[in-house]
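All remarks here apply to the structure that follows.
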Amino acid sequence: MKKLLPLLLCVFSLTVLSAEIRGKIVRVADGDTVTVLDALDGAPFRIRLDKIDAPELRQPFGPEAAAISPH
């Protein structure tokens with residue numbers, strides 16, 4: 001049982017960490033952090049995108065990375 005416990009914890013933690021949010025991006029804090037309003041209840045979620053290397057606002061091209069495209 002002791003050998004099985006770490007495996008079970010790993011499986012359950014993967015399930016807890018995944019979620020789907022449908023909504024509209026209303027704010028881009030920088031190139032890799034956005035605020036999304038949930039389509040179901042309008043709750044805001046701040047989401048940081050993993051494995052995205054975008055410049056921060058005060059770095060070169062930072063404002064362009066934070067701009068919300070109209071398309």
* **Test side chain to side chain contact (heavy atoms under 4.5 Å, CB included) applied to Arg58 - qualifying residues, sequence neighbours left out** => none
* Only counting residues at least two apart or in another chain, list the ones meeting side chain to side chain contact (heavy atoms under 4.5 Å, CB included) with Pro63. => none
* What about Leu57 and Val26, same hydrophobic cluster or not, with Ile/Leu/Val/Met/Phe/Trp/Tyr joined at side-chain heavy-atom distances under 4.5 Å? -> no
* Structure fact -> Heavy atoms of Pro60 and Pro55 approach each other most closely as O-CB, 3.5 Å
* Which pair of heavy atoms, one from Glu20 and one from Arg22, lies closest together, and at what distance? -> OE2-NE, 2.6 Å
With a cut-off of 3.5 Å and sequence neighbours excluded, list every side-chain donor-acceptor pair involving residues 33-50.
unit_1, atom_1, unit_2, atom_2, d
Thr33, OG1, Asp30, OD1, 3.3
Asp38, OD1, Leu40, N, 2.7
Asp41, OD1, Ala43, N, 3.0
Arg48, NH2, Asp32, OD2, 3.3

